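Everything numeric here is computed off the predicted structure, so don't read it as measured data.
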Amino acid sequence: MPQVNMTVNGKSASGQIEGRTLLVEFLRETLGLTGTHVGCDTSQCGACVVHVDGKAVKACTMFAAEAEGAEVLTIESMAAPDGTLNTIQQAFQDHHGLQCGFCTPGMVMSAAALLKENPKPTEAEVRDYLEGNICRCTGYHNIVKAILAASGQDVSAIAAE
């Protein structure tokens, strides 16, 4: 079996893989990073979003071998080493942007990519960017509010739902 080498969350990572091993499988099964979720196996839900070389990708659509030599960031990289939540995670907590939490890792990783590209998005831009992420619990309203809050915008006039 071939070996794959990459940097995951700032640390060197390698492992034996089959050619068909998906990045999400490598992260979860080989590295034990189970925060990246598998929701649909069809790239429709976004629960598996990670960053590969700075770009948000659905880890269920990428072979682990394609990440050879890449810098991969997962949801586990978002909080500080002491467990303190980052701005986006804290905003999700503060604005009730999660319920069951299954979609949350992908939503947070997508939000981080959006805010990197567009630091002050409009509500419409947030909704458009999240089109590839499915949440079956929240109705998205508080997720959008959380992302806007994480961008530093005043969301006090936006009603909670």
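- Distance alone, capped at 3.5 Å, is enough to place a donor-acceptor pair between the Gln153 side chain and the Pro121 backbone.
- Between Ile134 and Tyr140 there is a side-chain heavy-atom pair separated by less than 4.5 Å.
- Side-chain contact annotation: Gln44 with Thr42, donor-acceptor N/O pair under 3.5 Å absent.
- Summarising the geometry of Met62 relative to Val57, their closest heavy-atom pair is SD-CG2, 4.2 Å, with the distance given to 0.1 Å.
- Side-chain atoms of Ser151 come within 3.5 Å of backbone atoms of Leu148 as a donor-acceptor pair (strictly under, hydrogens ignored).
- Across every non-hydrogen atom of Lys145 and Ile158, the tightest pair is NZ-O, 2.9 Å.
- Val8 and Leu73 fall into different hydrophobic clusters, defined by Ile, Leu, Val, Met, Phe, Trp and Tyr side-chain heavy atoms under 4.5 Å apart, directly or through other members.
- Without hydrogens or angle criteria, Asp53 side chain to Glu71 main chain gives a donor-acceptor distance under 3.5 Å.
- Here the side chains of Met6 and Leu23 are in contact, with some heavy-atom distance below 4.5 Å.
- Using a 4.5 Å cut-off between side-chain heavy atoms of Ile, Leu, Val, Met, Phe, Trp and Tyr, with links allowed through other members, Val24 and Leu27 fall into different hydrophobic clusters.
- Between His95 and Ala149, the closest heavy-atom pair is NE2-CB, 3.4 Å.
- Taking CG of Asn142 as the reference point, atom SG of Cys137 lies at 12.5 Å (rounded to 0.5 Å).
- Using a 4.5 Å cut-off on side-chain heavy atoms (C-beta onward), Leu130 and Ser110 make contact.
- Contact detail for Gln16 and Met1: the closest heavy-atom pair is OE1-O, 2.7 Å.
- The heavy-atom pair separating Ala150 from Thr87 by the smallest distance is O-CG2, 3.6 Å.
- In this structure, Met109 and Met78 have side chains that are in contact, with non-hydrogen atoms separated by less than 4.5 Å.
- A side-chain donor-acceptor contact under 3.5 Å links Glu76 to the backbone of Gly35.
- For the side chain to side chain donor-acceptor pair (under 3.5 Å) test, no residue two or more places apart in sequence or in another chain qualifies with Asn86.
- Contact annotation: the side chain of Val49 never approaches that of Pro105 to less than 4.5 Å [non-hydrogen atoms, C-beta and beyond].
- The OG1 atom of Thr36 sits 8.0 Å away from atom CD1 of Ile75, with the distance rounded to the nearest 0.5 Å.
- Counting heavy atoms from C-beta on, the side chains of Arg127 and Glu123 come closer than 4.5 Å.
- In this structure the side chain of Phe63 never reaches within 4.5 angstrom of the side chain of Glu68, judged on heavy atoms.
- Cluster annotation: Val155 is connected to Leu114 through the hydrophobic network of ILVMFWY side chains, with a link wherever side-chain heavy atoms come within less than 4.5 Å.
- Rounding to the nearest 0.5 angstrom, the gap separating the CG atom in Leu85 from the CD atom in Gln93 is 5.5 Å.
- Proximity of a side-chain donor or acceptor of His37 to a complementary backbone N or O of Ala47 within less than 3.5 Å is not detected.
- Rounded to the nearest 0.5 Å, atoms OG1 (Thr138) and NE2 (His96) are 12.5 Å apart.
- Counting heavy atoms from C-beta on, the side chains of Leu22 and Val38 never come closer than 4.5 Å.
- One distance of note links CG of Leu31 with CD of Glu29; it measures 10.5 Å at 0.5 Å rounding.
- A distance of 8.5 Å separates CD in Glu117 from NZ in Lys55, rounded to the nearest 0.5 Å.
- Minimum heavy-atom separation, Ser77 to Asn9: CB-OD1, 3.1 Å.
- Heavy-atom neighbours of Lys11 NZ from other residues, nucleotides or ligands within 6.0 Å: at or below the threshold of 12.
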